[in-house]
Amino acid sequence: MTGTELKAAVEAGLEEIRPFLQRDAGDIELVDIKDDKYVRVRLLGTCVGCHVNQMTLKSGVELTVKKHAPQIESVIDISGQDLKEEYRDNIEL
């Protein structure tokens with residue numbers, strides 16, 4: 001699968017599971033895909049504070065994403081984490 005095809009497959013998996021999350025006033029968004037194996041997502045709404053969100057992530061989201069994109073090894077929630085830009089500043093002195 002190309003990068004574009006992989007992203008589309010992951011998004012299709014998220015679209016399949018999204019109605020179940022939205023039914024409980026939650027949601028999910030794709031942040032990125034690392035090394036074509038690791039999907040990073042951000043849980044939204046009531047999913048953020050839910051005490052079973054990790055079970056939902058593994059038993060619901062991850063299984064559904066893997067159904068659409070079998071090469072994915074894991075889905076990781078980065079809710080509440082600040083992402084740092086991966087670049088080097090060029091400062092002229």
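The first residue of the sequence shown is numbered 1, and numbering continues consecutively from there.
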- prompt: Any donor-acceptor pair under 3.5 Å linking the side chain of K58 with the backbone of S74?
  reply: no

- prompt: Say you draw a straight line from CG of L30 to CD of E15; how long is it, rounded to the nearest 0.5 Å?
  reply: 11.0 Å

field: Distance-minimising heavy-atom pair for C47 and G26
entry: SG-CA, 3.7 Å

Flag if over 12 foreign heavy atoms under 6.0 Å of NZ, K7: no

query: If only atom types and distance count, is the side chain of S79 paired as donor or acceptor with the main-chain N or O of V48 below 3.5 Å?
result: no

query: So, the side chain of E29 versus the backbone of R42: is there a donor-acceptor pair under 3.5 Å, distance only?
result: no

query: Quick one: side chain to side chain contact (heavy atoms under 4.5 Å, CB included) partners of T2, sequence neighbours excluded?
result: T4, E5

field: Shared hydrophobic cluster, F20 / L43 (ILVMFWY, side-chain heavy atoms < 4.5 Å)
entry: yes

- request: Look up atom CD1 in I28 and atom CG in L14, then write down how far apart they are to the nearest 0.5 Å.
  value: 5.0 Å

message: With rounding to the nearest 0.5 angstrom, report the OG1 to CZ distance, T46 to R23.
response: 11.5 Å

- prompt: Is there a side-chain contact between D27 and R18, using heavy atoms and a 4.5 Å cut-off?
  reply: yes

- request: Tell me, with the steps shown, if L44 and L21 meet side chain to side chain contact (heavy atoms under 4.5 Å, CB included).
  value: CA-CA 9 Å; L44 304 168; L21 301 175; over 6 Å; no

message: Quick check: closest heavy atoms across V41 and V31, and the distance to 0.1 Å?
response: C-CG2, 3.8 Å

- line: Hits for side chain to side chain contact (heavy atoms under 4.5 Å, CB included) against D36, two or more places apart or cross-chain, chain-then-number order -> L6

message: Measuring only between side-chain heavy atoms, which start at C-beta, is D32 closer than 4.5 Å to K34?
response: yes

- prompt: Got I17 and V65 here, is their nearest side-chain heavy-atom distance under 4.5 Å?
  reply: no

query: With a 4.5 Å limit on heavy-atom distance, are the side chains of T64 and H68 in contact?
result: yes

message: So D35 and E73, do their side chains get closer than 4.5 Å, heavy atoms only?
response: no

- request: Output all residues satisfying side-chain hydrogen bond (donor to acceptor under 3.5 Å, both in side chains) with Q71, sequence neighbours left out; order by chain, then residue number.
  value: none

